[in-house]
There are 4 protein chains.
Amino acid sequence: MSETHAAIPRSRRGRPRNPGAEDRLFNAALEEYGEHGWAGFTMDAVARRAGVGKSTIYLRWRDKDDLLSDAVAERRPNEEIADTGSLRSDLELLAENFFHFYLDAAGWATLRIVIDAAGSPEPLGRFADAVTDLHREAMKIVGERAVARGDAPATDELDQLWSCLYGSLLIQVLELRTRHRGLDEEQIADRARVLADFVLTRVRA
Amino acid sequence: MSETHAAIPRSRRGRPRNPGAEDRLFNAALEEYGEHGWAGFTMDAVARRAGVGKSTIYLRWRDKDDLLSDAVAERRPNEEIADTGSLRSDLELLAENFFHFYLDAAGWATLRIVIDAAGSPEPLGRFADAVTDLHREAMKIVGERAVARGDAPATDELDQLWSCLYGSLLIQVLELRTRHRGLDEEQIADRARVLADFVLTRVRA
Amino acid sequence: MSETHAAIPRSRRGRPRNPGAEDRLFNAALEEYGEHGWAGFTMDAVARRAGVGKSTIYLRWRDKDDLLSDAVAERRPNEEIADTGSLRSDLELLAENFFHFYLDAAGWATLRIVIDAAGSPEPLGRFADAVTDLHREAMKIVGERAVARGDAPATDELDQLWSCLYGSLLIQVLELRTRHRGLDEEQIADRARVLADFVLTRVRA
Amino acid sequence: MSETHAAIPRSRRGRPRNPGAEDRLFNAALEEYGEHGWAGFTMDAVARRAGVGKSTIYLRWRDKDDLLSDAVAERRPNEEIADTGSLRSDLELLAENFFHFYLDAAGWATLRIVIDAAGSPEPLGRFADAVTDLHREAMKIVGERAVARGDAPATDELDQLWSCLYGSLLIQVLELRTRHRGLDEEQIADRARVLADFVLTRVRA
DNA sequence: AATTAATCGAGACGGTACGTCGGGTCTTATG
DNA sequence: CATAAGACCCGACGTACCGTCTCGATTAATT
């Protein structure tokens, strides 16, 4: 994902790329997007905010979409889900991570991009896949751990559980965004607990 | 919602408005939006597709947002949820309705707008509220019926149940969109059944 | 020449073109060109100076060349050469007219364009022809008058006479430009008299 | 003129300059300018055509103007006008030299630069002077020779004669360029003879 | 031989202007 | 009056080129 542009093979000759620029551009892009949305997200503004010429951007990314996708990909949540010892606490941790991610600028931008990209032709479509696959993967790991641990019966309902957990979480985030509200750590922990509890009812049955 | 423009008082004099135009414009707007997304959704294209001058559009709606909101509002799902006699079948019907709505152009556009609008200042923010409130309302009615019927204990977990049902459904739609796939009636019924079953586990407990 | 854009057939419908814009744009173009030369002659500056949007320019002319050619063509010198009664005074008048034209912004721009265009493929090439033909035509008329009047023998040396008159004049203008100097009416008359006198020596022989 | 860059004092240490580069760059510059004019004359293209890095250019010349001026200066016509024994044949030789120069890429570029530079602030202005002075100088030498020889009366009309000769010649070249035509040796000799003949009429009188 | 100093190619950099396109407004002639 | 047509001003798009800069790699003259 973060290799989108790095994949373009670059010779060792010539002036090397300004290494700080990429990071400043990611920040600028996410901030501009977060503040003004897609409309009102202009390349000139991003360049100005990053203290960079427009050409520098276009040397690295094909267009607006490409820059934003990459910026978002760079900030994706940490996929390492610590093994906390029980399925319940694993799920709670997972939910907390997702809450943190989607309540933040990068995560929110990610969601918008995923929605924008869904159903569109190629370019960002794969990105959408990558993001959801990444998250689904986290879920799968947690689930397999639980099965190995005897914490849960082997289950083919993982997808359903995941989509409920993930979907409910997104709905909550969406509502918070709409009301311009955030959550403090405690509230996040609460909601994560409630959510884990709810989706686990089924598994315990 | 659909009154946005009708609110503008109109005298009886002069040439009457072309009656077909509004409907053709709604279709054109939704199709353009569905095909090209927000970027690439142009007023000129909408006007051309509807066989209408741009001024005709701007006589009825203030701007792009306004037109699109109205188009989407016009196609919102029927809020009447038939009483099928049991909570389970009510939920299944609800889920089926939502599937139909979000797999269709208007529903999908609605979702995109809701996402775009969330966190933005005023204009579409209220629209986002309206849509989710509408859907939450349907859920509440179904829930109250169930309580009245003794089909479920009085519960303050309705919100959680709703967000799981709704969220899981959106996740599924998102994935289908990403893969350019649709569902036939039977598949929708299946998924609705599985979903209702899953979220009901909790209530039955 | 001035029909370059007007040649494009335009329906009568829609908002009519701002009639003053064209003239203001010609002035702005010639002034910008005169002040800054080709490099440093920017469309944005022209648009700003004319109080017009850039797209208004591009609706009427394909590009910078096209605008400038047209601006220059619009200001070409009056081709009517009054019959003053003698070849000598006709030539003096001709020379005076040419001096006025080439010492002015439009004439100078014309010369630059003619030079730029010479040897280039199509677009401005024809313009160059048109300008020189126009001037040669004036010479021919004056010459034929003289022959008819018995003022000069029938001569096939008209081309040579013309190119000497015209060329010498351009050289003088070029030198004046280089030295940032102009001429007052009297000086122009003097130079015109000397020039006519010089080239007429041959004819009288 | 050709010392513009050599004036920059250079130590003897370090890698010596690629000796062929300068010549290849002059050629490349003149060809690019001749083919595309000032607009469309790009440093990158010159560098590419000369097989040289851009920095190599900017190590030797300050900017585009500087490179082009120098390139043109390097190819200026030989100022030595052989003494052929008579004013008439001296003038013919002079005219032939000028024809050769201005029908060639370097001469044509020179003319364009002189025109572009005339009236502009400093940088190329002095170059324009230099070129015309150079040519005027040749005329003066020829004239003085004639006077010394008794071939012509002492004359203050030399400037007029020169501007007619030179101007007429430029007009002819301009027309040939416009029509994409060249001249062979014989045609040049013919035109030179006619031209010398024409301007000499006055002197003989 | 090792060091120093300059040039070379390549190519990224911050800017600026290009010509295009779309938004939302305005102005006409035609219903 | 509403309409279609389309010109209007504005501002962002993505491209191209300027003149600068920074690399690693040469290449001599000086230690």
Side-chain angles (χ1 to χ4, degrees), chain A residues 10-19 21 39-48 50-64, chain B residues 10-18 21 39-45 47-48 51-65, chain C residues 10-19 21 39-45 47-48 50-64, chain D residues 10-19 21 39-45 47-48 51-64 66:
Chain A
R10 291 218 316 108
S11 111
R12 206 140 276 299
R13 309 227 278 168
R15 176 174 177 173
R17 290 185 165 172
N18 179 343
F41 165 71
T42 72
M43 293 303 252
D44 292 79
V46 171
R48 211 176 315 116
V52 141
K54 247 200 312 178
S55 50
T56 299
I57 302 184
Y58 284 100
L59 274 173
R60 300 172 185 229
W61 298 279
R62 239 192 343 280
D63 55 18
K64 270 206 312 190
Chain B
R10 296 212 314 104
S11 114
R12 289 226 162 273
R13 306 222 298 159
R15 176 176 174 174
R17 287 187 166 171
N18 178 342
F41 164 72
T42 72
M43 293 302 255
D44 292 81
R48 211 176 316 118
V52 142
K54 258 205 299 181
S55 45
T56 300
I57 302 183
Y58 283 100
L59 273 173
R60 300 175 186 223
W61 297 278
R62 233 189 353 275
D63 55 20
K64 252 188 0 168
D65 292 347
Chain C
R10 291 214 320 102
S11 113
R12 213 141 266 302
R13 305 232 282 171
R15 177 175 175 172
R17 289 188 165 169
N18 179 342
F41 165 71
T42 71
M43 293 303 253
D44 292 80
R48 210 176 316 117
V52 142
K54 245 199 318 177
S55 49
T56 299
I57 302 183
Y58 284 102
L59 272 173
R60 299 171 186 230
W61 297 278
R62 237 193 342 280
D63 54 20
K64 264 198 330 182
Chain D
R10 292 214 314 105
S11 121
R12 287 228 160 274
R13 304 230 296 167
R15 176 175 177 172
R17 288 184 166 172
N18 178 342
F41 165 71
T42 74
M43 293 302 254
D44 292 79
R48 210 177 315 118
V52 142
K54 258 205 299 181
S55 47
T56 300
I57 302 183
Y58 282 100
L59 274 172
R60 302 176 185 223
W61 297 279
R62 236 189 346 276
D63 55 18
K64 255 191 351 172
D66 209 29

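The structure displayed is predicted, hence computed values, not measured ones. Numbered from 1 within each chain, the chains take letters A, B, ... in sequence-line order.
One finds the CG atom of Leu59(B) at 10.5 Å from the CH2 atom of Trp61(B) (value rounded to the nearest 0.5 Å). From Asp44(D), atom CG reaches atom OG1 of Thr42(D) across 5.5 Å, with rounding to the nearest 0.5 Å.
In this structure, Ala47(D) and Gly53(D) approach most closely via the heavy-atom pair CB-C, 4.3 Å.
Ranking dC8(F), dG14(E), dC17(F) by closeness to the Thr56(C) side chain, first place goes to dC8(F). The side chain of Arg60(A) sits closest to dA12(E) out of dA12(E), dC17(F), dT3(F). Of the listed nucleotides (dC17(F), dG19(F), dG14(E)), dG19(F) has the atom at the smallest distance from the side chain of Asp63(D).
Atom-to-atom, CG of Asn18(A) to P of dA12(E) comes out at 13 Å; the value is rounded to the nearest Å. Atom C1' of nucleotide dG9(E) and atom CZ of Arg17(D) are separated by 16 Å, given to the nearest angstrom. For the pair Asp65(B) CG and dG23(E) P, the interatomic distance rounds to 11 Å; values are reported in whole Å. For Leu59(D) and dA6(E), the CG to P distance is 11 Å, given to the nearest whole Å. The separation between Ile57(B) atom CD1 and dT25(E) atom P is 13 Å, rounded to whole Å. Protein atom CH2 of Trp61(C) is 13 Å distant from nucleotide atom C1' of dA7(F), rounded to whole Å. Between the P atom of dC13(E) and the CG atom of Asp44(D) lies a distance of 15 Å, rounded to the nearest Å.
Between Thr56(A) and Asn18(A), the closest side-chain pair of non-hydrogen atoms is not below 4.5 Å.
Projected onto DNA chain E by closest heavy-atom contact, Gly53(D) and Lys64(B) fall at different nucleotides, the more 5' of which corresponds to Gly53(D). Between Gly51(C) and Thr42(D), the residue anchored nearer the 5' end of DNA chain F, judged by the nucleotide with its closest heavy atom, is Gly51(C).
In this model, the phosphate group of dG22(E) is not approached by any side-chain N or O of Arg48(B) to a distance below 4.0 Å at OP1 or OP2.
Annotation: side chain to side chain contact (heavy atoms under 4.5 Å, CB included) contacts of Lys64(A) (sequence neighbours excluded): Trp38(A), Phe41(A), Met43(A).
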Requested in this report: Could you encode protein contacts along nucleotides 20-27 of chain F as a string, one character per nucleotide from 5' to 3', using B for base contact, S for sugar-phosphate-only contact and - for no contact, with a heavy-atom cut-off of under 4.0 Å?
Outcome: BBBS--BB
